[in-house]
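Every heavy atom of this structure was used, including side-chain atoms; hydrogens, water molecules and symmetry mates were not. Chain A is the first sequence line, chain B the second, and so forth, proteins listed ahead of strands; every chain is numbered from 1.
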Amino acid sequence: MTVELPQWDQVQRVMPEIWLVIAMCAVLLVPFVRRRSVLAPVVVTMVGLVLALVYVPMGSFGTGGTVHVFSGMLTIDPFSNFFKVLLLAFTLFVVAQWLMTSQREMAVYDVPDFMCLLLGATVGMALMASASNLLMIFIAIEAASMPSFALAGFRKHHRRSTEGALKYVLFGAASSAVSVYGMSLIYGAVGSLDLSQIAYQASVGGGTPLLAVGMLAMFAGIAFKLSAVPLHFWCPDVFEGAPIEITTFLSVASKGAAVCLLLRILYAFAFFGGEGHYIGLATAVAILGGVTATWGNLVALHQGNIKRLLAYSSIAHAGYMIMAASLTAVVAVGDSRLGGAILFYLVVYMFMNLGAFTVAGLVARQTGSEDLRDYSGLMGRSPALAVLLTLFLLSLFGMPGLGGFMAKIFLGMAMFSVAKDVAFVLIIVLFINTVISLYYYMRPVYYMAFVKDDENRMVITPQAAGFMLLLICALALVWTGLLPTQAADLTEDYATIIVREAPGSALSLVEPAVAAVPGNGH
Amino acid sequence: MFEIGIMHFVVLSVVVFAAGICTLLTKRNAIGILIGIELIMNAAGINFVAYNRYVWGGGEAGSLIDGQIFTIFIIVLAAAEAAIALAIFLNFYNTFSSIDVERADEMKG
């Protein structure tokens with residue numbers, strides 16, 4: 001049911017985003033008070049993030065979980081709330097990771113700018129998860145992208161960082177331009193920017209070619225954020241060049257937000273089209289996901305840089321999630337199993353990547369190298385770190401007993417329960433990819449355990465806080481791997497995506513316009 | 001009598017879009033590519049305004065302005081994107097002494 005709220009109540013629903021924007025402004029003002037402090041902007045950022053986190057439940061307070069605010073621009077539903085909690089908690093972890101890894105490399109006067117950009121990207125991603133209007137989707141993608149471009153190039157005189165940022169901004173701007181052109185075609189075909197309105201019209205009018213071309217072009221923008229295969233070229237270069245915490249942030253938050261957006265769009269179509277109606281759309285997206293996963297895994301096989309290796313691994317994982325998300329286009333209304341499995345996957349993926357990148361960051365901080373060869377003999381020098389990295393890599397592969405395994409199992413089960421015949425192919429693709437990925441996930445382990453380091457290299461000794469962060473990730477993975485039911489139930493409870501109903505009433509606003517086209521008779 | 005209608009604007013928009021894509025694919029200069037991107041965005045803007053005026057505006061005295069609002073946002077965000085992009089190009093120029101995108105080839109694989 002659609003709940004329309006008075007103006008002020010609507011504003012209260014987006015309090016998390018508002019807190020983030022307030023924190024963005026506040027963090028830029030911090031240097032006027034504390035000029036030479038690193039801690040002050042970090043504290044302001046963290047307070048902003050925590051306040052936003054606390055206010056997320058307020059978004060759906062007292063309305064049975066769902067509201068459509070600002071004339072349907074945003075949909076605040078359990079699904080978007082869950083993703084926002086995940087995103088904000090993850091951003092807090094990223095700030096903590098930054099403090100432990102590359103904070104020392106950064107000039108003190110750069111810290112507020114850095115935090116402001118990080119918060120800005122977070123706002124964009126939070127909006128992406130609940131955007132349900134083309135205008136809002138465009139603004140959210142841009143709001144998430146632009147700070148990310150700047151963050152990727154944050155190390156100003158670092159050649160690879162600069163190069164990565166150049167590629168990122170050119171690819172990003174080009175794909176978002178094509179995407180907005182697609183939106184203009186959709187508007188031309190349907191006459192509305194509202195997602196549910198578009199999906200309704202498509203199911204009633206049986207998708208015109210104009211609408212189809214528009215949708216295809218619009219997906220370019222989302223595919224870019226997902227680093228799906230034709231548009232993935234930026235991903236490894238940006239990940240290699242960017243500071244490690246930005247790599248972590250982009251690998252999880254940016255892709256997660258894009259998966260949420262994809263789910264919302266596909267579900268809107270399924271909602272009006274009915275179960276199994278959009279099998280063609282689902283197949284197209286599934287092929288995209290399968291190609292992305294396979295390509296990511298194959299290219300990852302010969303990577304010698306840990307960040308690059310994890311970048312290709314993240315392309316592969318995005319591929320798995322796209323494969324599962326594709327079937328959302330054919331689910332029955334109210335079926336939240338796929339959404340639940342994808343949210344569970346995101347939770348697990350967040351901890352795996354956070355852990356693996358943090359280890360890489362801690363090693364790079366002391367050895368200054370991200371090369372796999374410099375991991376040789378790490379098992380002897382710093383056994384704790386090496387064991388933890390092995391655990392994260394095994395979980396990324398999908399070792400039984402760890403979160404990554406359960407995440408893949410749930411993904412497969414949810415796909416199978418939705419569409420047996422299509423899912424069968426997808427599950428085989430998922431399985432083959434998992435087998436391929438074992439090789440490259442084990443390469444760092446091989447170097448750490450079996451290759452002797454010829455010269456006597458440094459012992460990596462992270463501070464206690466670093467170990468705490470890694471232990472949290474490891475525990476989360478073991479917990480989701482051994483006792484997955486609790487987390488799985490939680491994610492499925494929150495996986496309900498709500499599509500705005502009542503297209504009829506909004507339709508009456510749009511319909512008379514066609515008849516009144518001036519010069520129609522000429 | 002000859003009257004300008006929706007088709008004229010759609011053709012114009014397609015031409016601008018095609019010009020943008022060609023610029024995007026042929027230019028080696030980063031600013032040239034940025035110009036191509038701006039052309040595509042403006043093509044989208046033309047589409048939005050034209051469809052709003054001729055088809056989905058609610059008639060002669062139409063009050064639906066979704067498309068026009070969208071165009072304003074396109075203009076604003078294109079400007080913001082140009083600002084970010086030029087800052088990154090400047091930084092690239094400071095590091096590589098060139099804004100030829102073919103120079104950005106240190107990372108491969």
Side-chain angles (χ1 to χ4, degrees), chain A residues 134-135 138-139 142-143 145-147 149-150 152-153 156-170 172-174 176-185 187-188 190-194 236-237 240-241 299 302-305 308 509-510 512-520 522, chain B residues 1 3-6 10 13 17 20-21 24 30 33-34 36-41 43-48 50-60 62 64 66-67 69-70 73-74 77-78 80-85 87-89 91-92 94-96 99 101 103-109:
Chain A
L134 293 190
L135 179 55
F138 175 54
I139 295 172
E142 291 291 294
S145 296
M146 284 187 211
F149 300 153
K156 279 195 275 295
H157 301 293
H158 189 280
R159 286 179 81 88
R160 301 196 154 188
S161 184
T162 311
E163 185 185 327
L166 182 81
K167 288 176 179 168
Y168 198 15
V169 76
L170 288 177
S176 77
V178 172
S179 163
V180 76
Y181 190 76
M183 287 177 186
S184 79
L185 296 181
Y187 177 72
V190 176
S192 172
L193 297 172
D194 193 67
D237 293 350
E240 189 182 340
V299 184
H302 59 85
Q303 296 304 323
N305 177 306
R308 245 179 132 72
L509 281 174
V510 183
V514 196
V517 175
N520 222 13
H522 297 275
Chain B
M1 201 200 118
E3 193 169 330
I4 290 181
I6 178 73
V10 171
S13 143
F17 177 75
I21 291 283
L24 200 65
I33 295 177
L34 187 66
I37 292 166
E38 299 288 316
L39 281 176
I40 299 174
M41 287 206 152
I46 295 169
N47 256 351
F48 270 117
Y51 276 118
N52 198 147
R53 169 68 181 78
Y54 289 105
V55 186
W56 303 112
E60 198 64 41
L64 295 174
D66 299 29
I69 297 290
F70 206 120
F73 274 99
I74 291 177
L77 286 172
E81 205 155 55
I84 293 264
I88 288 173
F89 296 165
N91 190 29
F92 187 80
N94 285 339
T95 319
F96 288 76
I99 49 168
V101 289
R103 293 286 305 277
D105 62 350
E106 290 193 359
M107 291 183 285
K108 275 185 182 146

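- In this structure, CD1 in B/I99 is found 9.0 Å from CG in A/L166, a value given to the nearest 0.5 Å.
- Summarising the geometry, atom CD belonging to A/E142 is positioned 10.0 Å from atom CD1 belonging to B/I74; distances are rounded to the nearest 0.5 Å.
- At most 12 non-hydrogen atoms from other residues, nucleotides or ligands lie less than 6.0 angstrom from CZ of B/F73.
- Neither the backbone nor the side chain of B/A87 comes within contact range of chain A; no heavy atoms are under 4.5 Å apart.
- Between A/Y187 and B/F48, the ring planes are tilted. Angles from 30° to 60° get that label.
- Only the side chain of B/L24 comes within contact range of chain A, judged by heavy atoms closer than 4.5 Å.
- Top candidate by heavy-atom pairs under 4.5 Å with chain B, chosen from A/L134, A/L185, A/L135, is A/L135.
- Taking OG1 of B/T95 as the reference point, atom NZ of A/K156 lies at 10.5 Å (rounded to 0.5 Å).
- To the nearest 0.5 Å, atom CG of residue A/L170 and atom CG of residue B/L34 are 7.5 Å apart.
- The CD1 atom of B/I40 lies 11.5 Å from the OG atom of A/S184; values are rounded to the nearest 0.5 Å.
- Closest non-hydrogen pair, B/S13 versus A/Y181, comes out as OG-OH, 3.2 Å.
- Contacts of B/N52 with chain A are made by both backbone and side-chain atoms, with heavy-atom separations under 4.5 Å.
- A side-chain donor-acceptor contact under 3.5 Å links A/E163 to the backbone of B/E106.
- Between B/I84 and A/M146 the shortest heavy-atom distance is CD1-O, 3.8 Å.
- Heavy atoms closer than 4.5 Å to chain A are found in the side chain of B/I69, but not in its backbone.
- Heavy atoms closer than 4.5 Å to chain A are found in both the backbone and the side chain of B/N91.
- Chosen from A/G241, A/G153, A/A173, the residue pairing most often with chain B at heavy-atom distances under 4.5 Å is A/A173.
- Across A/A177, A/A165, A/G188, the residue that shares the most heavy-atom pairs under 4.5 angstrom with chain B is A/G188.
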